[in-house]
Number of protein chains: 2
Amino acid sequence: MSKAANTRLNILHKAFELIYTKGYQTTSIDEIIATTQVTKGAFYYHFKTKDEMGVAIIEEILKPTMQEHFIKPTEASQDPIEDFYNMISYLLLEDPFLQVKYGCPVGNLTQEMTPWNTKFSEALAELVDLWKATIINSIEKGKEAGLIRKDVIGEQVAFFILSGYWGIRNFGKLQNDNSSYLVYLKELKGYLNGLK
Amino acid sequence: MSKAANTRLNILHKAFELIYTKGYQTTSIDEIIATTQVTKGAFYYHFKTKDEMGVAIIEEILKPTMQEHFIKPTEASQDPIEDFYNMISYLLLEDPFLQVKYGCPVGNLTQEMTPWNTKFSEALAELVDLWKATIINSIEKGKEAGLIRKDVIGEQVAFFILSGYWGIRNFGKLQNDNSSYLVYLKELKGYLNGLK
DNA sequence: TGTTTTTCATACTAATCAGTATTTTTTATG
DNA sequence: CATAAAAAATACTGATTAGTATGAAAAACA
């Protein structure tokens with residue numbers, strides 16, 4: 001990778017970490033260039049505006065990460081019900097990057113940016129649609145394989161699972177411990193088993 | 001009500017509306033006093049800091065509103081299952097103040113403030129605990145009345161319902177229309193009926 | 001090697017931010 | 001009505017914000 005491409009990626013990664021923990025609006029460019037050891041000139045050479053950088057984070061950091069961790073594994077799925085549970089459980093309890101205190105990066109950005117910034121909305125919607133479509137697809141395959149009831153409606157379930165995930169992330173932030181996660185996961189398991 | 005108490009409440013109400021639509025951090029005090037037609041001197045006479053005002057909004061606006069609209073009605077409940085559905089459905093589709101585009105005020109504040117501001121966290125946690133406790137209580141009564149299965153665990157269901165609500169609010173923000181609400185509500189109904 | 005283009009560095013600007021100091025007006029109370 | 005206290009108005013501060021102007025170093029290329 002060229003040196004220039006390297007500083008660009010470096011900015012994106014560090015900025016993403018700051019934004020994940022602090023929020024987008026309260027993460028200043030001065031703070032980003034301080035932690036990246038990159039000058040303002042370099043920053044604005046790579047990104048015209050702060051928002052352009054924000055969208056780049058979604059497309060170049062969040063999207064590939066999600067593809068790799070949530071989309072790909074599900075495609076080779078045998079038992080969707082178990083996969084769904086494992087996916088959420090992994091995200092809540094095991095993912096080494098995510099922290100209870102800071103919630104879900106995608107959820108955070110959606111909450112903060114969506115009403116006022118269409119560029120962010122579009123980038124985030126694309127991301128979430130991808131995830132949703134994967135779940136729906138998984139359900140259809142599960143129905144064919146006889147693992148999921150025929151009257152289950154994939155879109156409904158997808159919304160229900162993802163909503164629950166985003167919501168419980170908020171509870172985690174509120175309590176700053178994963179006890180709410182554990183309670184939630186038990187009910188999720190019951191709900192998912194009800195789809196069989 | 002005294003004139004002073006009136007300006008205080010006026011500030012709280014207008015500030016709340018601004019914060020609901022724009023977020024807390026991006027709502028400036030200058031903006032608040034501009035829309036309230038109150039001077040900075042008056043503002044800082046009533047509130048020592050911006051954060052003190054924020055907490056006051058939670059305790060003096062959000063809390064009473066929630067008490068009135070969600071806690072009280074549920075206490076005289078006959079059929080908790082139906083009540084839960086109606087509560088969420090009302091919030092999503094009918095509440096005249098809440099807007100799809102701006103999500104849930106409590107959820108927004110939790111997301112934005114919680115990792116860094118303990119005063120906000122405490123005030124919000126109190127609010128949410130109250131709501132959660134009401135749901136749990138409702139479920140216990142439903143179990144006694146034979147309307148809900150005995151093996152249903154109230155706390156799990158409470159987390160599940162509230163998480164789903166917060167999460168779907170985020171989807172609404174993302175898409176800026178209530179189509180996702182409608183899909184979600186169908187699945188919620190199915191889930192709730194499964195508790196019978 | 002010389003020149004052009006890419007990449008980065010430095011110093012600045014105008015706007016906005018939360019909060020303060022000080023004074024004036026309004027209200028309550030004797 | 002006089003006085004004290006409460007409430008509000010005005011003008012300011014220092015810090016921080018995103019973004020810019022301009023020039024220097026580094027890399028690519030002829």
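Just so it is clear, the model here is predicted, and its values are computed rather than measured. Order of the sequence lines fixes the chain letters, A, B, ..., with proteins taken first and strands second; residue numbering starts at 1 for each chain.
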What is the distance, to the nearest angstrom, from the [atom1] atom on [X] to the [atom2] atom on [N]?
{"X": "Phe43(B)", "N": "dT10(D)", "atom1": "CZ", "atom2": "C1'", "result": "17 Å"}
{"X": "Asn10(B)", "N": "dA8(D)", "atom1": "CG", "atom2": "P", "result": "11 Å"}
{"X": "Ile11(B)", "N": "dA8(D)", "atom1": "CD1", "atom2": "C1'", "result": "10 Å"}
{"X": "Glu52(A)", "N": "dG19(D)", "atom1": "CD", "atom2": "P", "result": "10 Å"}
{"X": "Arg8(A)", "N": "dC8(C)", "atom1": "CZ", "atom2": "P", "result": "12 Å"}

- Message: Within the structure provided, determine whether Ile19(A) and Leu109(A) are in side-chain contact (heavy-atom separation under 4.5 Å).
- Response: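 In contact.
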
- Glu112(A) and Glu112(B), any side-chain heavy atoms less than 4.5 Å apart: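 Glu112(B) vs Glu112(A): side chains apart.
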
Would you please confirm or rule out a distance under 4.0 Å between OP1 or OP2 of [N] and any side-chain N or O of [X]?
{"X": "His46(B)", "N": "dA8(D)", "value": "yes"}
{"X": "Tyr44(A)", "N": "dG19(D)", "value": "yes"}
{"X": "Thr49(A)", "N": "dG19(D)", "value": "no"}

- Ring centres of Phe171(B) and Tyr184(B) under 6.0 Å apart?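 Judged by ring-centre distance (under 6.0 Å), Phe171(B) and Tyr184(B) do not meet the cut-off.
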
- Phe97(B)-Phe16(B) aromatic ring centre distance below 6.0 Å: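 Centroid distance Phe97(B)-Phe16(B): below 6.0 Å, so yes.
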
Distances under 3.5 Å only, N/O to N/O: pair up the protein atoms with those of nucleotides 24-28 of chain C.
none

Would you compute the distance between atom [atom1] of [X] and atom [atom2] of [Y] and round it to the nearest 0.5 angstrom?
{"X": "Arg169(B)", "Y": "Gln99(B)", "atom1": "CZ", "atom2": "CD", "result": "9.5 Å"}
{"X": "Ile33(B)", "Y": "Tyr44(B)", "atom1": "CD1", "atom2": "OH", "result": "8.5 Å"}
{"X": "Gln67(A)", "Y": "Ile71(A)", "atom1": "CD", "atom2": "CD1", "result": "6.0 Å"}

With 3.5 Å as the limit, what N/O pairs link the protein to nucleotides 11-17 of chain C?
from, atom 1, to, atom 2, distance (Å)
dC17(C), OP1, Ser28(B), OG, 3.3

- Is there a donor-acceptor pair closer than 3.5 Å between any side-chain N or O of Asn178(B) and the backbone N or O of Tyr181(B)?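 Not a single qualifying donor-acceptor pair exists.
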
- Row check, Phe43(A) ring normal vs Lys50(A) NZ/CZ: under 6.0 Å, within 45°: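 No, cation not above the ring by the 6.0 Å, 45° rule.
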
